[in-house]
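Down below is the structure, laid out as structure tokens.
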Amino acid sequence: MSPELSKQYDATDIERRWAREWIDAGCFTARDDDPRPAFSIVIPPPNITGTLHMGHALVLTIQDTLVRFKRMQGFATLWLPGSDHAGIATQMVVERALAKEGIQRKDLGREAFVQKVWEWKARHGSRIQEQTRAMGASVDWRRERFTMDEGLSAAVREVFVRLHQEGLIYRDQRLINWCPRCQTALSDLEVVLEPTSGKLWTIEYPVPGGARRLAVATTRPETMLGDTAVAVHPDDPRYRDLIGQEVELPLTGRRIPVIGDAELVDPEFGTGCVKVTPAHDFSDFETGRRHHLPQLTVIDTRGRMTREAGEAFAGLERFECRERVVAALQEQGLLSKISDYPTEISRCQRCNEIVEPLLSRQWFVRMEPLARPAIEAVRQGRTVFVPKSWEKTYFEWMENIRDWCISRQLWWGHRIPAWFCGCGEIVVSRETPPACPRCGGALKQDEDVLDTWFSSALWPFSTLGWPERTQALAKFYPTSLMETGFDIIFFWVARMMMMGLKFMGEVPFRTVYLHAMVRDERGQKMSKTKGNVIDPLDVIGKWGADALRFTLASMAAQGRDIKLSLERVEGYRHFVNKIWNAARFALLNLDGLSLQESRPADRTLYDRWILSRCHAVTTEVTQALEEYRLNDASATLYNFFWHELCDWYLELTKPVFAGQAGPAARAESQRVLLSALDCALRLLHPFVPFVTEEIWQRLPLSERSSHHLATSAWPQADAFPRDPEAVREMEWLIAAVTGVRTIRGESNLPPGKPLSAKVLTDRAPAREALSRHRDTILHLARLESLEFGGPGQRPPQSAVFVTPDFEVCVSLKGLIDFEAEKRRLAKDIQKSEQEEGRSKDKLSNPSFTDRAPPEIVQKERERLAECQSRLERLRRALSQIEAWSRE
RNA sequence: GGGCGGGUAGCUCAGUGGGAGAGCGCCGGCCUUACAAGCCGGAUGUCGCAGGUUCAAGCCCUGUCCCGCCUACCA
């Protein structure tokens, strides 16, 4: 560490150094036997194929800020990192890599392929961890977990077996979402709906023995090959007579029944007739079960037409088949209408392929019994959502929950612990069973693996050692906080709630804090295909992690999307630099610091003021962080540090450090500066950990409770005395200086030009305070003289600035621009007159004075009085100027 | 179809009943010995639109128009 601080802050080396040193020093290590109250968060696991994006950067910023805050407050703090194995995504990535070498997954065989995936993970799977370090995240790396770890895998088997024993996991042949490209089943949540402008085809099904036809409409004409009925409403007089009869299914030579079904059919919609394809449509599937209809699969797992589709179509790709079917129907005159129709197509979340409903045997979790306690827990407030409005979304989904298809036809993942025997026996077991318990025959394990989300649902307790009864679980479960994006509320939050309650008997987290989405500056979702992603690592490389963190924290207002603009980051980089330079200044001036006890009697007004401000700011920031208002906390700190500490305290203290107030005041100001800076750095540390740690290490503190700022104590407001009188005096001082500066600025006078000023007032306290600080005012306002006088005693040819308690006049003999001065005053008068008018109207309204709270009325009276006094003085000033300009 | 959120300065956004704010940008003046990534000063708004409640509305209510998101088996 070089003793000299460079003029400009360079984040790169400093951030890299601290990221390592904190870890080496064990600053973030959580102990299971820590007697202090716990604060714990598990990071919702990012997947191993991922690289850090802005969403992660936001998660890490928010969580790290809160975690560092709690750690400094003295909680036994655990922040647990890890990642999930992302079955589909990872398998796809590795398959693609192998394909480049000309290798197919099937050629390798299951075991060899899984081995390849592990190798891939070893090489590429830790990228996100490195990036997490770059953000400064204070996680406990020794507790890092991966969903495929031995312990977590044991937890998965345990949960599967127990749910199966209770009948909450079952196997069934039913319609599921199938991705023809990934070749696996998907859960409802892994399917995204995309609005599309489609078409609606109306097809006519002839009624045998006459010219009558039944018209049905469809958005997927190719599925008509799999129709096994036509449904009408049982009460519809148009068709009632046909129920129980048959119609001809065109192109197939088959006849299918007409059924009456009040649930499926809305007689008002379209023709009032619906074709029923139980094997290719979810609502038709249900209808088929109700009426015991045959299920005819005409599209296979690859999206091709089966033999059942008929000779003319078998083997065709599904969309090509659609065209052929339409053409054939048209040819036969059975296509009565084609209209444009807005619709939504289902796509695979991972590969974007159009998902196909497919009849298939899969494993499911019965959700309703698990959802009930999870709903109850939130109703009772055992888990609280922030912002609260998300509870509604949670309830909505939980109350209409559907069973969860958990089997996936993949190789990478937790293999389902179920074994089949030729005798029909199914064994579900934690360990591989030696033989069939019924017939003693050989067993074959289910080929499928579990949905990745099945293992992440266990994350809050599997990472802490469950199913073992560990000390870590006892100490840190339930976790304090789940912090994540609202887009993940069903994937994680809801499922973690259900599993936590089921297996731990208690909610997995006390609070769910849902942050907004990060978008680009135009409000678009960032995505690689749109090419609008902002890579956090680029931003960190350019401006530093501190700047990025402060930006995200500032913009993380609750319940609102974050439109990130790089200009904003650049702006906050300036703030980081400001912190750096304020520290440089302080360190230069703390030279020869006396380490003796602070002596309040030696304090200057500025010392008393800044200490009082430390009190207020500590209170505000602490409260804002307790309430997850990171944006308020960061704004408070920004203003305090820059516009109070730097702009006023440091400027005011320069002469004190130069010795102008004597050695005792100088020594005390040094001590106060040190303590104010120390306070500011502590408060800022959760937001900008790197720069604050670097500076804090160089502070000549007489004692350190900790080797690192990261593990030091959060400031106590009461350590800083409140001093309302000092605050009031400072307001006068600031007003006087600002008054002169404003006149100088508006009269276009060079800042170096020496001027003479006079303060006019009949208010003794203000006058006394200002005269006590005459030297300071001379210095800051660059005056050569400052006099005092009563109201009306204006120096000739002077410009005036009116404040509530006094007027500041600046002599402008020979320099005055009468017209400019008149314009300025006239404008000020006009504004004040408007204000006066509004106040008068209000006060003359009896319903206001009668009904408004007395303190509001009183405030209004004061406002009016002040306004009138101000107006009077402004008018006098204006007539004075007019008089002088005529001379 | 249902639900949720948003529309405030040129831009990005704070502001949940008592005279609209910030950052960036803009204009003018400054290399004042911590910082030009800086300092000092300044300008800028029918708070989407229309009603209503209230002594008082950016904020609460109703309607309406845009924008975004979530959710849903209308063929």
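In the text below, chain A, chain B and the rest are named by the order of the sequence lines, each starting its count at 1. Since we're looking at a predicted model, the values are computed, not measured.
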Describe the nucleic acid contact of [X] in one word from base, sugar-phosphate, nothing, applying a heavy-atom distance below 4.0 Å.
X	result
A:Ser389	nothing
A:Arg782	base
A:Gln8	base
A:Arg573	base
A:Glu344	base
A:Glu860	base
A:Ala635	nothing
A:Glu268	nothing
A:Phe550	nothing
A:Lys827	sugar-phosphate
A:Asp647	sugar-phosphate
A:Leu587	nothing
A:Cys646	base
A:Phe801	nothing

For [N], give the paired nucleotide (Watson-Crick: N1-N3 plus N6-O4 or O6-N4; G-U: N1-O2 and O6-N3; both under 3.5 Å), or none.
N	value
B:C24	B:G10
B:A37	none
B:G68	B:C4
B:U32	none
B:C47	none

*Does some side-chain heavy atom of A:Val688 sit less than 4.5 Å from a side-chain heavy atom of A:Arg549?*
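SC-SC contact between A:Arg549 and A:Val688 ruled out.
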
*Flag the pair A:Leu749 / A:Leu812 as yes when at least one side-chain heavy-atom distance between them is below 4.5 Å, and no otherwise.*
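In contact.
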
How are the rings of [X] and [Y] set to each other: parallel, tilted or perpendicular (split at 30° and 60°)?
X	Y	value
A:Trp390	A:Phe486	parallel
A:Tyr638	A:Tyr572	perpendicular
A:Tyr628	A:Tyr513	parallel
A:Phe490	A:Trp397	parallel

Expected rows: protein N/O vs nucleotides 20-28 of chain B N/O, under 3.5 Å:
unit_1 : atom_1 : unit_2   : atom_2 : d
B:G28  : O2'    : A:Asn748 : OD1    : 3.2

Quick one: is [X] getting a side-chain N or O under 4.0 Å of the [N] phosphate, OP1 or OP2?
X	N	result
A:Arg402	B:A72	yes
A:Lys7	B:A36	yes
A:Arg863	B:G19	yes
A:Arg741	B:G42	no
A:Lys842	B:U54	no
A:Lys578	B:A34	no
A:Lys654	B:A34	yes

Taking the [atom1] atom of each, how far is [N] from [M], in whole Å?
N	M	atom1	value
B:G19	B:U32	C1'	37 Å
B:C35	B:G45	P	37 Å
B:U64	B:G23	C1'	34 Å
B:A72	B:C4	C1'	15 Å
B:C61	B:U53	P	15 Å
B:G52	B:U44	C1'	32 Å
B:A50	B:A57	P	15 Å
B:G48	B:C74	C1'	34 Å

*Which residues pass the side-chain contact (heavy atoms from CB on, under 4.5 Å) test with A:Glu286, sequence neighbours left out?*
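side-chain contact (heavy atoms from CB on, under 4.5 Å) list for A:Glu286, sorted by chain: A:Arg290.
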
*Just by distance, do the side chain of A:Trp580 and the backbone of A:Ser6 share a donor-acceptor pair under 3.5 Å?*
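A pair under 3.5 Å: yes.
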
_Donor-acceptor check, side chain of A:Ser634 to backbone of A:Asn631, threshold 3.5 angstrom: yes or no?_
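Side chain of A:Ser634 to backbone of A:Asn631: a pair is present.
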
*Which nucleotide sits closest to the side chain of A:Phe848: B:G41, B:A75, B:G18?*
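When the side chain of A:Phe848 is considered, B:G18 is the closest of B:G41, B:A75, B:G18.
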
Between [atom2] on [N] and [atom1] on [X], what's the gap in Å once rounded to a whole number?
X	N	atom1	atom2	answer
A:Phe486	B:G5	CZ	P	12 Å
A:Asn577	B:A37	CG	C1'	5 Å
A:Trp580	B:G38	CH2	C1'	17 Å
A:Phe575	B:C39	CZ	C1'	17 Å
A:Phe282	B:C74	CZ	C1'	16 Å
A:Asp340	B:A75	CG	P	15 Å
A:Ile777	B:U32	CD1	P	23 Å
A:Asn845	B:G18	CG	P	18 Å

*Can a donor-acceptor pair be found between the side chains of A:Glu190 and A:Ser187 at a distance below 3.5 Å?*
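Per modelled atom types, A:Glu190 and A:Ser187 side chains form a pair under 3.5 Å.
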
_Taking donor-acceptor contacts at under 3.5 Å, does the side chain of A:Glu651 reach the base of B:A34?_
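Flag set: donor-acceptor pair detected.
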
*Any donor-acceptor pair under 3.5 Å between the side chain of A:Ser839 and the base of B:G19?*
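Answer is yes: a donor-acceptor pair is held.
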
_Nearest heavy atom decides the nucleotide; on that basis, is A:Lys275 or A:Phe585 closer to the 5' end of RNA chain B?_
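Looking at the nearest nucleotide for each, A:Phe585 comes out on the 5' side.
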
_Taking the nucleotide of RNA chain B with the nearest heavy atom to each, does A:Gly272 or A:Asp10 sit closer to the 5' end?_
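The residue mapped nearer the 5' terminus is A:Asp10.
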
*When you check the gap from the basic side-chain N to the acidic O, do A:Arg823 and A:Glu746 get nearer than 4.0 Å?*
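Here A:Arg823 does not pair with A:Glu746 in a salt bridge, since their nearest N and O are not under 4.0 Å apart.
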
*Between A:Leu780 and A:Glu651, what is the shortest heavy-atom contact and its length?*
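Smallest interatomic distance, heavy atoms only, reads CD2-CB, 4.1 Å.
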
